[in-house]
K.L.:
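Structure below; questions to follow.
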Protein chains: 2
Amino acid sequence: MPDTKSRTRIQRQNREAILEAALEVFSAQGFRGATLDQIAAAAGLSKPNVLYYFASKEAIHHALLSGLLDNWLAPLRALDPAGEPLAEILGYVRRKVEISRDFPRESRLFANEILQGAPRMMAAIEGELKALVDEKAAVIRNWSAQGRIAAVDPYHLIFSIWALTQHYADFDVQVRAVLGPGHDPFAEAGSFIETLFTKLLAPAA
Amino acid sequence: MPDTKSRTRIQRQNREAILEAALEVFSAQGFRGATLDQIAAAAGLSKPNVLYYFASKEAIHHALLSGLLDNWLAPLRALDPAGEPLAEILGYVRRKVEISRDFPRESRLFANEILQGAPRMMAAIEGELKALVDEKAAVIRNWSAQGRIAAVDPYHLIFSIWALTQHYADFDVQVRAVLGPGHDPFAEAGSFIETLFTKLLAPAA
DNA sequence: TTGATGTTTGACCATCTGGTCAGTTGCAGG
DNA sequence: CCTGCAACTGACCAGATGGTCAAACATCAA
C-alpha cells in the first residue's frame with residue numbers, strides 16, 4: 001500500500017478516481033450501504049486494484065471525510081470580525097448556499113455521518129468544529145451587544161444557517177418533487193434565505 | 001405470515017416490539033446498515049421469529065414508513081385557512097419543533113430515506129406530500145396577497161420550517177457537541193425559530 | 001534487452017446476512 | 001386431559017461482501 005509522499009502519476013490518477021467514485025457511492029448509500037464492488041466499478045478498476053491503493057473500505061471513507069472538513073469549515077472561517085456585521089453574515093450564508101449547490105454529494109456524505117451519530121467524526125466535531133463555532137459565535141455576540149445587529153443567540157443563528165442551506169442539498173429529491181419542474185431550487189433558496197436573515201438581523205429601531 | 005385483521009394479543013405485542021426495535025436500528029443505521037439480527041436482539045426475539053411476524057426486512061421497513069407518513073403530515077394538515085395567519089404558521093412551527101423533540105428517531109428514519117434518494121417513498125412524496133404542500137402553499141400565498149403576512153414564497157417558507165425543525169433531530173449529536181453541556185437544544189431552538197419567522201412574516205409597514 | 005519496480009488481476013477465502021424449514025413448545029378451548 | 005393451532009427455535013442455505021495472494025503484466029531506467 002504505497003501511501004508515502006512520493007506518488008507516481010498513475011497513483012495520483014487512480015487515487016483520485018477512487019475517491020471520486022467513493023464520494024458518489026458513499027453519499028448515495030451511506031457507509032454500510034456502499035460496497036467495494038460498486039466503488040471499483042464506478043472508478044473503472046478491479047476490486048483488488050482498489051485495495052492496492054487504499055488499505056480498506058474504511059480507509060477510503062476516512063480519506064474522504066478528512067479531506068472534507070477543511071472545505072466545510074472554510075466559509076465560516078472567512079467570516080471577518082472586522083467587517084460589516086450584516087454583510088459578513090449574509091456573505092457566509094451565500095457561500096454556504098453555493099457549497100450546497102456545487103457540492104451536494106459532500107453535503108450528503110456529511111449528513112450521513114452525523115445522522116448515524118458521527119461515529120468517525122466526533123473528535124473533529126468536538127475539536128476543530130466546536131472551536132471555530134465558539135470563536136465566531138463570540139464575534140456575532142459582540143456585534144449584537146454593540147447593537148449593530150439584532151440580539152440573537154449566535155449558536156442557533158449558525159445552526160439555522162447550516163440547517164437551511166444543507167437542507168437543499170440533503171433533501172434535494174424531496175424539494176424537487178414538491179416544487180415540480182421548472183424551478184431552480186438553489187437560486188430561489190438563496191434569495192429566500194437572504195431575505196430571512198436580513199429581517200432577522202435588522203437592529204431594533 | 002399472519003397479517004389478516006385478526007391479531008391475537010401476542011401478535012400485537014410482538015409486532016409492536018419488532019417495529020419499536022426496528023425504528024431504533026433503522027434510524028441509527030439506515031436500511032442497509034441495519035441487520036435482522038440487530039432488530040431481533042433489540043426486540044428480544046429470535047431472527048426466525050421476527051420473520052414469522054414480518055415477511056422480510058423490507059416489510060418491516062415498509063411498515064414503519066407507511067405508519068410514519070400520516071404523523072408526519074398531520075401538523076401541516078392542521079394549518080387552518082380560516083385562522084389568523086401568523087398564529088397558524090407559528091402554531092405549525094411549534095408542532096414541528098415538538099415532533100422533532102419527541103420523535104427524533106422517526107425524523108432520522110425519514111432523513112435516511114430521503115438522503116438515499118427516497119427509493120421507497122417517492123410515490124408518497126410526489127403524491128400525498130406534494131398535494132398537501134400545494135394546498136397549504138396556496139393558503140399562505142393568499143394570506144400574503146391579502147397583506148396579512150409579508151410576501152414570501154410559500155414553498156420555501158415550508159421548506160425552511162422543515163429544515164430548521166428537523167435539523168435539531170437529525171443533527172442532534174452535532175448540535176449537542178457544539179453547544180456543550182447545560183443546554184436544552186429544543187427549547188432554545190423553539191424560541192429562536194419562532195422569533196425568526198415572526199420577523200420574517202411581519203407585514204410590510 | 002534486461003532487470004527492478006510499480007500495477008493489475010483471477011481465484012480464492014471467511015464471514016456476514018437475509019431467509020427457509022422441519023420440527024418443538026406453549027396455550028386455549030372443548 | 002387432550003387436541004389443534006399459534007408461537008417459537010436450531011440448524012441450515014445461498015448469495016453478497018471485505019479482504020488476501022500469488023502470479024502476470026506494464027513501465028522505465030540502465
Side-chain angles (χ1 to χ4, degrees), chain A residues 1-65 112 116 119-120, chain B residues 1-65 109 112-113 116 119-120:
Chain A
M1 51 200 108
D3 56 355
T4 54
K5 65 186 63 177
S6 64
R7 300 255 171 76
T8 72
R9 173 182 45 89
I10 293 181
Q11 294 240 351
R12 255 175 281 123
Q13 282 180 358
N14 281 348
R15 284 182 64 97
E16 192 47 50
I18 291 169
L19 288 176
E20 159 67 24
L23 174 59
E24 189 72 27
V25 177
F26 280 137
S27 69
Q29 319 264 37
F31 180 76
R32 288 215 47 188
T35 73
L36 280 177
D37 290 286
Q38 287 175 318
I39 295 172
L45 300 172
S46 67
K47 184 170 64 170
N49 205 10
V50 167
L51 290 167
Y52 171 73
Y53 291 99
F54 289 91
S56 65
K57 183 182 173 185
E58 273 279 347
I60 303 175
H61 193 251
H62 184 264
L64 275 180
L65 282 186
N112 260 307
Q116 331 245 313
R120 310 156 210 272
Chain B
M1 47 199 108
D3 57 354
T4 55
K5 64 186 64 175
S6 65
R7 299 256 171 77
T8 70
R9 173 182 44 88
I10 292 181
Q11 293 239 352
R12 253 174 281 122
Q13 283 178 358
N14 281 347
R15 283 182 65 98
E16 191 48 48
I18 290 169
L19 289 176
E20 159 67 25
L23 173 60
E24 189 72 28
V25 177
F26 279 136
S27 69
Q29 319 264 48
F31 180 76
R32 286 214 50 186
T35 72
L36 281 176
D37 289 286
Q38 287 174 319
I39 295 172
L45 299 173
S46 68
K47 184 170 63 170
N49 204 12
V50 166
L51 290 167
Y52 172 72
Y53 290 101
F54 289 89
S56 66
K57 183 182 174 184
E58 273 278 350
I60 303 176
H61 194 251
H62 184 265
L64 273 180
L65 282 186
L109 181 69
N112 261 304
E113 178 65 12
Q116 331 246 312
R120 310 153 210 274

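Convention: sequence-line order gives letters A, B, ...; per-chain numbering from 1.
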K.L.:
For the side chain of B/Y53, starting at C-beta, report the closest nucleotide among C/dG19, C/dT7, D/dA7.
P.N.:
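Comparing C/dG19, C/dT7, D/dA7 against the side chain of B/Y53, the answer is D/dA7.
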
K.L.:
Would you check if A/Y52 and A/L45 make a side-chain contact, meaning some heavy-atom pair closer than 4.5 Å?
P.N.:
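No, their side chains stay 4.5 Å or more apart.
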
K.L.:
Within the pair B/N14 and D/dA6, is there a side-chain N or O less than 4.0 Å away from OP1 or OP2?
P.N.:
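Answer is no, no contact under 4.0 Å.
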
K.L.:
Tell me, do B/T35 and A/R32 make a side-chain contact under 4.5 Å, heavy atoms counted?
P.N.:
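Yes. Closest side-chain heavy atoms under 4.5 Å.
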
K.L.:
Just N and O in the side chain of B/R12: are any of them under 4.0 Å from OP1 or OP2 of D/dA7?
P.N.:
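No, outside the criterion.
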
K.L.:
Tell me the interatomic distance from A/L36, atom CG, to D/dG19, atom P, rounded to whole angstroms.
P.N.:
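Going from CG in A/L36 over to P in D/dG19 covers 6 Å.
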
K.L.:
Would you say the side chain of A/H61 lies within less than 4.5 Å of the side chain of A/R120, judging by non-hydrogen atoms?
P.N.:
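SC-SC contact between A/R120 and A/H61 confirmed.
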
K.L.:
Could you please name the option among C/dT9, C/dG6, C/dT17 that lies closest to any side-chain atom of A/P48?
P.N.:
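Shortest atom-to-atom distance from the side chain points to C/dT9.
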
K.L.:
Report yes if the side chains of B/N112 and A/N112 come closer than 4.5 Å at any heavy-atom pair, otherwise no.
P.N.:
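Yes, at least one pair of side-chain atoms sits under 4.5 Å.
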
K.L.:
Taking only side-chain nitrogens and oxygens of B/S46, does any of them come within less than 4.0 Å of OP1 or OP2 of D/dT9?
P.N.:
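Yes, B/S46 has a side-chain N/O under 4.0 Å of OP1/OP2 on D/dT9.
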
K.L.:
Under 4.0 Å, counting only non-hydrogen atoms across every strand here, what does B/A34 touch: a base, just sugar-phosphate, or nothing?
P.N.:
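Sugar-phosphate, backbone atoms only, no base.
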
K.L.:
Taking side chain as C-beta onward, heavy atoms only, is B/I39 less than 4.5 Å from B/F26?
P.N.:
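Result yes, sub-4.5 Å side-chain heavy-atom pair found.
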
K.L.:
Side chain of B/N49: nearest nucleotide among C/dT7, D/dC8, C/dG19?
P.N.:
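Nearest listed nucleotide: D/dC8.
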
K.L.:
Kindly indicate whether the side chain of B/F31, heavy atoms from C-beta on, has any atom under 4.5 Å from the side chain of B/I60.
P.N.:
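Counting from C-beta outward, B/F31 and B/I60 never come under 4.5 Å.
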
K.L.:
Where the side chain of A/I10 is defined as all heavy atoms beyond and including C-beta, which of C/dG18, C/dT8, D/dT20 is the nearest nucleotide?
P.N.:
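That would be C/dT8.
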
K.L.:
Please state how far atom CZ in B/R15 lies from atom P in D/dC8, giving the value in whole angstrom units.
P.N.:
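Rounding to the nearest Å, CZ of B/R15 and P of D/dC8 are 13 Å apart.
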
K.L.:
So, is A/R32 close to the C/dT17 phosphate, meaning a side-chain N or O under 4.0 Å from OP1 or OP2?
P.N.:
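For C/dT17, OP1 or OP2 has a side-chain N or O of A/R32 closer than 4.0 Å.
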
K.L.:
How long is the line joining CD of B/Q29 and P of C/dG18, in whole Å?
P.N.:
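Nearest whole value for this atom pair: 12 Å.
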
K.L.:
From CD of B/Q13 over to C1' of D/dA6, roughly how many Å is that when rounded to an integer?
P.N.:
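So the CD-C1' distance, B/Q13 to D/dA6, works out to 14 Å.
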
K.L.:
Round to the nearest Å and state the distance from B/F26 atom CZ to C/dT17 atom P.
P.N.:
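To the nearest whole Å, that distance equals 13 Å.
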
K.L.:
Calculate the interatomic distance between A/F54 atom CZ and C/dT8 atom P; express it in whole Å.
P.N.:
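Whole-Å distance recorded here is 13 Å.
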
K.L.:
In whole angstrom, what separates B/I39's CD1 from C/dG18's P?
P.N.:
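B/I39 atom CD1 is separated from C/dG18 atom P by 8 Å.
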
K.L.:
Give the rounded distance in Å between these two atoms: CG of B/L51 and P of C/dT17.
P.N.:
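For the pair B/L51 CG and C/dT17 P, the rounded distance is 14 Å.
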
K.L.:
Could one point to a donor on the side chain of A/K47 or the base of D/dG18 with an acceptor on the other under 3.5 Å away?
P.N.:
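Indeed, a donor on one side and an acceptor on the other fall under 3.5 Å apart.
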
K.L.:
Looking at the side chain of B/Y52, which of C/dG18, D/dG18, D/dA7 is the nearest nucleotide?
P.N.:
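Taking heavy atoms from C-beta onward, the closest nucleotide is D/dA7.
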
K.L.:
I want to confirm an ordering. Mapping B/L45 and A/F31 to their closest nucleotides on DNA chain D, which one lands closer to the 5' end?
P.N.:
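In this pair, the answer is B/L45.
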
K.L.:
Is the shortest side-chain N/O distance from A/Q11 to OP1 or OP2 of C/dT7 below 4.0 Å?
P.N.:
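A/Q11 to C/dT7 OP1/OP2: side-chain N or O found under 4.0 Å.
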
